[in-house]
Amino acid sequence: ANITAKALTATGITAANRVYNGGTDATLTAANPRLSGVLGSENVTLSTADARGAFADKNVGTGKTVTVSNLSLGGSDAGNYSLNSYTTTANITAKALTATGITAASRVYNGGTDATLTTANAGLSGVISGDAVSLNTATASGAFADKNVGTNKPVTANLSISGTDAGNYTLTQPTGLTADISKATLTTTGAAAQNKTYDRTTAATITGATLVGVFSDDTVTVSGDGSFADWNVGINKPVTANLSISG
C-alpha cells in the first residue's frame with residue numbers, strides 16, 4: 001500500500017498594498033510565518049526566503065487575490081509533507097498622473113467665468129511605458145475664479161484622461177494657471193442731441209441713448225451730456241457726446 005504526503009497549510013504571510021505600476025508583482029510580509037497540520041513534534045519548518053507574490057492582474061482594485069509561490073518546507077520530516085497553495089489579498093491603488101504644457105488664454109469679458117485652455121503642447125507625466133492613456137484635450141475646459149475684469153486671475157482646469165489603461169490612473173489637475181479678462185466694449189444707439197435756445201454756453205442735452213453689447217444679467221446704464229462746438233446760434237451744429245456707464 002502507499003503512504004502519501006500530508007498537506008500542510010502556511011499562515012502568517014501577508015501582501016502589501018501598493019500603487020499601480022503596470023505589473024503584477026506583490027511585496028510579501030512574513031513577520032510570523034507558521035505551518036498548520038504538522039503532526040506531534042515532527043521537525044518541519046517553513047521557508048519564505050524565496051517567496052514571491054503576484055496579483056491576478058495588473059489593474060487597480062481592492063481585495064485583489066495575491067498568489068504566493070516559492071514557499072518551501074525544511075526539516076528532517078519535511079519529506080512526509082506537502083504544502084497547500086497559498087493566497088492572500090491586497091489592494092492596488094491608482095497612480096497619479098500630471099498634465100503638463102497647459103496654459104490658460106486671456107480673453108475679453110463675456111459675463112461668465114469660462115476659460116479656454118491652450119493644449120497645443122499638452123502632455124502626461126507619469127504614464128507607465130506601454131500603457132494606453134491619453135489626455136482628452138478636445139474636452140479640456142477651465143474656469144476663472146469670478147467673471148470680473150482683472151489681470152493674472154486664477155484659472156482652475158478641468159481635464160480628463162481616456163484609453164484602455166486609464167482606469168489605473170488618476171489625473172492631478174495643473175495648478176498655478178492664470179490669465180487676464182479685459183473689458184468688453186459697448187456701443188450706444190439712439191442718442192440724440194436736443195435743440196436749445198442760445199444761453200452763451202456750449203452745454204448740450206443728449207437723450208435716448210441705449211447700450212448695445214451688455215450681457216444678460218449684467219446691470220449697466222448709460223448717462224451724460226454733450227457739448228456744442230461753440231455757443232453761437234446755428235443749424236445742424238456738431239455736438240460731442242460725453243457719456244459714461246455705471247451700474
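For the single chain, residues carry numbers from 1 onward in sequence order.
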Which atom names give the shortest non-hydrogen contact between Pro174 and Ala157, and what distance separates them? CG-CB, 3.8 Å
Side chain Asn80, main chain Ala5, donor-acceptor under 3.5 Å: no
As a quick check of understanding, evaluate side-chain contact (heavy atoms from CB on, under 4.5 Å) for Arg107 and Phe144, giving each step before the final call. CA-CA 11 Å; Arg107 65 161 171 80; Phe144 286 96; 3.9 Å; yes
Going through the checks in order, is the side-chain contact (heavy atoms from CB on, under 4.5 Å) test met by Ile92 and Phe55? CA-CA 9 Å; Ile92 298 179; Phe55 286 96; 3.8 Å; yes
I'd like to know if the side chain of Thr113 pairs up with that of Lys153 as donor and acceptor (distance under 3.5 Å, no hydrogens or angles considered). no
On a heavy-atom basis, the closest approach of Ala96 and Thr172 is CB-OG1, 4.0 Å
In terms of side-chain heavy atoms, does Asn136 have a donor or acceptor partner in Ser160 at a distance below 3.5 Å? yes
Provide the closest heavy-atom pair for Ala10 versus Leu46 in the form atom of the first, atom of the second, distance. CB-CD2, 3.8 Å
Is the backbone of Trp231 close enough, under 3.5 Å, to the side chain of Lys237 for a donor and an acceptor to pair up by distance? no
Decide yes or no for Leu177 and Leu117: does some side-chain heavy atom of the first lie under 4.5 Å from some side-chain heavy atom of the second? yes
Pairwise side-chain contact, Tyr20 with Asp131, heavy-atom cut-off 4.5 Å (strictly under): yes
Is the shortest side-chain N to carboxylate O distance from Asp25 to Arg52 below 4.0 Å? no
Examine distances only and state if a side-chain atom of Asp180 and a backbone atom of Ser182 form a donor-acceptor pair shorter than 3.5 Å. no
Who are the side chain to side chain donor-acceptor pair (under 3.5 Å) partners of Asn17, not counting sequence neighbours? none
Taking all non-hydrogen atoms of both residues, which atom of Ala191 and which atom of Ala209 are closest, and how far apart? CB-CB, 3.9 Å
If I take atom CG from residue Asn84 and atom CG from residue Leu71, how far apart are they, to the nearest 0.5 angstrom? 11.0 Å
Could you state the interatomic distance from CG (Leu28) to CD1 (Ile13), rounded to the nearest 0.5 Å? 7.0 Å
Tell me yes or no: between the side chains of Thr221 and Ser246, is some donor less than 3.5 Å from an acceptor? yes
From CA spacing to verdict: side-chain contact (heavy atoms from CB on, under 4.5 Å), Leu35, Leu83: CA-CA 9 Å; Leu35 284 171; Leu83 191 59; 3.8 Å; yes
Taking only Lys NZ, Arg NE, NH1 and NH2, and the carboxylate oxygens of Asp or Glu, determine whether Lys95 and Asp165 approach each other closer than 4.0 Å. no
Quick check against the 3.5 Å criterion: does Arg34 have a side-chain atom that pairs as donor or acceptor with the backbone of Asn32? yes
Closest contact, heavy atoms only, Leu135 versus Gly123: CD2-O, 4.1 Å
Does Thr45 reach the main-chain N or O of Gly74 with its side chain, forming a donor-acceptor pair under 3.5 Å? yes
Taking CG in Asn195 as the centre, count heavy atoms belonging to other residues, nucleotides or ligands within less than 6.0 Å. Is the count above 12? no
Stepwise side-chain contact (heavy atoms from CB on, under 4.5 Å) check, Leu124 with Thr98: CA-CA 6 Å; Leu124 282 173; Thr98 302; over 6 Å; no
Roughly how far apart are Tyr169 OH and Leu97 CG, rounded to 0.5 Å? 6.0 Å
With distance as the sole test, does Asp77 use its side chain to make a donor-acceptor pair with the main-chain N or O of Glu42 at under 3.5 Å? no
Does the side chain of Thr207 come under 3.5 Å of the side chain of Gln194 through a donor N or O and an acceptor N or O? yes
May I ask you to decide if Thr201's main-chain N or O and Asp199's side chain share a donor-acceptor pair within less than 3.5 Å? yes
Taking everything shown except Asp217 itself, do over 12 heavy atoms lie less than 6.0 Å from its CG? no
Under a 4.5 Å cut-off applied to non-hydrogen side-chain atoms, are Thr188 and Val212 in contact? no
What one should report as the nearest heavy-atom pair of Ile181 and Val149 is O-CG1, 3.1 Å
